[in-house]
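Before any comments, here is the structure.
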Amino acid sequence: MSDKSTLFKFDNISVTVEGKQVVNSVSLNIKRGEVHAIMGPNGSGKSSLSNALMGHPAYNITNGQAALDGVDILGMAADERSRAGLFLAFQYPLAIPGVTVANFMRTALQAHRGKDADMADFRKLFKKKMADLSIDPTFATRYLNDGFSGGEKKRIEILQLSVLDPKMAILDETDSGLDIDALKEVSKGINEYRNNNNAVLMVTHYQRLLNYVKPDFVHVMMDGRLVTSGGPELALKLEDQGYEWVEKEFGQKAEA
Amino acid sequence: MNIVTDSKYMIPHQSPALERGPAWLREKRRASQTEFNELPLPRRGLHLWRYTDPSGFMAIPDSADETAPSENYKLVEKLELDHLKSGNLEALVTDFGGRDIKVSRSGDDVTKGLVISSLSEAANSHAELIEKHLYSLIGGSSGKFEAMNSALWNDGIFIYVPDNVEVKKPLHLLREAGVEGSIQYPRLLVVVGKNASLTIVDEYGGGSSDFRNGQSYSNAVVEIIAEQDSRLRYISLQRQASGMQSYLTHRAQAQAGASILTIPLVFGAAISKQNFGVLLDGKGADSKMYGLLFGTSRQHLDNHTLHHHRAGMTTSDIDFKVVLRDKAMSAYTGLIRIEEDAKTCEAYQENRNLLLSDSTRAQTVPELEILNEDVSCSHGATAGPIDPMQIFQLQSRGIHEADAVRMIVSGYVQSSLKLVPEDLRERISEFVAHRLEDI
């Protein structure tokens with residue numbers, strides 16, 4: 001297995017929402033085994049990029065290419081992208097009342113394996129993954145995200161990551177709304193998921209998740225563009241000095 | 001064959017139904033006949049009839065033939081008899097066309113004192129109870145079609161639970177309408193004694209399965225008296241065939257401290273109009289209604305609920321859920337009325353409509369008549385498609401779009417079903433799944 005081969009590559013991606021451009025010609029090349037972080041102030045287009053790559057119907061990719069493991073994904077519906085190995089952990093997961101976490105996970109895994117695939121191992125696998133993430137077993141029979149706290153929702157997102165074991169994981173503000181214990185559990189889950197054949201793209205406003213999940217590359221997004229990239233030290237600089245210097249150096253603030 | 005309807009129809013004096021039963025009952029029938037003949041058709045201007053044409057329910061009984069039950073009826077009867085044999089039911093009552101009432105009870109495990117019989121038998125064996133309660137909630141003066149049933153019902157079902165008797169297993173009533181050309185007037189009277197408890201599944205099936213080949217017609221009346229501190233769970237399942245014109249009026253009285261849970265489940269018929277009402281007549285009485293309606297093709301489904309608070313410190317809650325696809329239509333009107341001297345009441349009502357295609361129509365009309373200020377009351381209504389973000393979220397986990405829709409709808413109906421006995425809940429989940437197969 002060629003360790004350092006490209007896993008997820010997108011070029012010149014531009015995104016509009018309701019006709020308004022929110023991402024402007026963004027490119028990234030992510031190799032197997034790597035962890036990338038996209039940081040940026042609120043409204044810089046980080047979440048829009050993540051949702052658009054996953055196939056969110058409200059985000060329209062107007063230009064660019066994206067390939068996962070050499071396969072073009074932009075022509076695929078969201079479910080096909082998922083089955084091709086792409087995953088997005090949501091910033092604000094919605095409740096699906098009446099659908100239990102276990103039933104949902106089983107259906108999702110069955111969709112990945114194919115409808116005739118054997119699911120005899122599901123119960124055991126699911127139980128183990130729940131235990132690994134210190135999720136109370138009673139969550140299995142609770143309705144997905146229905147009445148869950150912010151931290152519980154994020155943990156369940158990481159549970160989904162862990163059960164589906166995708167090639168490429170995009171984590172959208174997975175650290176937001178977490179207290180320090182939950183942050184540690186969630187980080188542990190992400191680190192357990194990582195290996196030399198998959199990759200992680202973390203989208204975050206703050207540096208604190210990066211203390212627990214060490215990025216190889218940090219990119220800064222501003223006004224819909226990736227404006228600069230560097231190593232982990234870039235995240236520390238942003239933590240220390242805020243986004244002002246980025247704005248001064250790279251910002252193209254649209255004056256109203 | 002087809003049913004003849006006539007909006008000016010009068011019940012003739014020589015109608016044989018009027019001669020059934022003891023003298024007091026014949027008198028009631030005659031009185032109902034008079035009411036029917038004198039009452040005009042309901043006015044379309046009223047909320048209750050704004051969405052459904054009453055003349056469609058004016059079927060002429062003389063035009064009806066007695067017909068045989070459908071194949072499906074035998075299947076369901078067998079299924080429920082199996083449930084009875086395996087000890088999941090207290091009793092199974094089959095009612096064919098409001099005429100032929102048959103009671104099957106579990107041999108060795110019968111709740112003592114519980115009476116289950118046909119109304120015609122009970123009119124003799126429990127004359128006092130029947131005379132006291134039959135027509136006490138729904139009679140000739142209740143409305144045009146209630147008067148029609150009250151005059152013309154042939155036979156019905158009577159259930160009586162004596163004071164302090166707890167009936168642990170559900171009682172299943174299986175009512176089958178005849179095929180095209182048939183007319184039936186099912187009738188049910190339930191009396192739950194003081195501090196007694198009971199679960200009833202009241203299932204309406206059968207009827208014409210092709211509207212164009214001829215309809216069949218059903219006009220049902222349900223009267224329930226829940227005496228002091230009693231507990232009743234009443235599930236009404238309407239899964240009649242697609243050529244059925246169906247009318248049902250239900251009234252339950254909750255006396256002091258009684259609690260009634262009513263679960264209307266509406267799946268069937270071409271045109272269905274139902275009216276479920278609970279009268280909260282004693283201090284501390286409580287009523288909950290958790291309804292589910294699922295309309296497909298061109299079904300026209302009209303439901304009214306009433307919570308009438310006639311005593312203080314009474315509570316009521318309604319959650320009526322609707323799912324529509326194709327060109328189905330639902331009209332829901334919900335009236336909460338709180339009388340002036342009924343202080344410190346709580347009443348809530350919610351109607352949610354999930355619309356799975358653009359050509360469905362959903363009407364929702366909350367009506368509040370609150371005659372004193374010492375109450376806590378709220379109502380809400382929503383109508384719209386599934387949130388596309390929910391679909392995307394499930395799709396993003398690899399689930400096909402159609403499967404995501406099925407999951408979300410199946411989940412949406414769960415809250416209405418969680419208090420339905422397990423055997424039935426499985427069947428209802430299957431109905432729902434079946435209606436979503438080709439989505």
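Lettering follows sequence order; numbering is per chain, from 1.
Of all residues in residues 155-168 of chain A, those placing a non-hydrogen atom less than 4.5 angstrom from a non-hydrogen atom of chain B are A:Glu157, A:Gln160, A:Leu164. For residues 52-75 of chain A, the interface with chain B (any heavy-atom pair closer than 4.5 Å) comprises A:Met54, A:Gly55, A:His56, A:Pro57, sorted by residue number. Interface with chain A: from residues 386-398 of chain B, residues B:Asp387, B:Met389, B:Gln390, B:Phe392, B:Gln393, B:Leu394, B:Gln395, B:Ser396, B:Arg397, B:Gly398 qualify, criterion being any non-hydrogen pair under 4.5 Å. Interface with chain B: from residues 134-154 of chain A, residues A:Tyr143, A:Leu144, A:Asn145 qualify, criterion being any non-hydrogen pair under 4.5 Å.
Residues A:Thr107 and B:Met407 form a side-chain contact, since some pair of their non-hydrogen atoms from C-beta on lies under 4.5 Å apart. Residues B:Ile408 and A:Val99 have side chains not in contact (no heavy-atom distance under 4.5 Å, counting atoms from C-beta outward).
Only the backbone of A:Ala95 comes within contact range of chain B, with at least one heavy atom under 4.5 Å from a heavy atom of that chain.
More than 12 heavy atoms of other residues, nucleotides or ligands lie within 6.0 Å of CG in A:Asp121, so this atom counts as buried by the packing criterion. By the 6.0 Å contact criterion, CZ on B:Arg361 is open, its count of non-hydrogen atoms from other residues, nucleotides or ligands being 12 or less. Other residues, nucleotides and ligands place more than 12 heavy atoms under 6.0 Å from the CZ atom of A:Arg113.
Note: B:His400 leads B:Gln414, B:Glu401, B:His400 in heavy-atom pairs under 4.5 Å with chain A.
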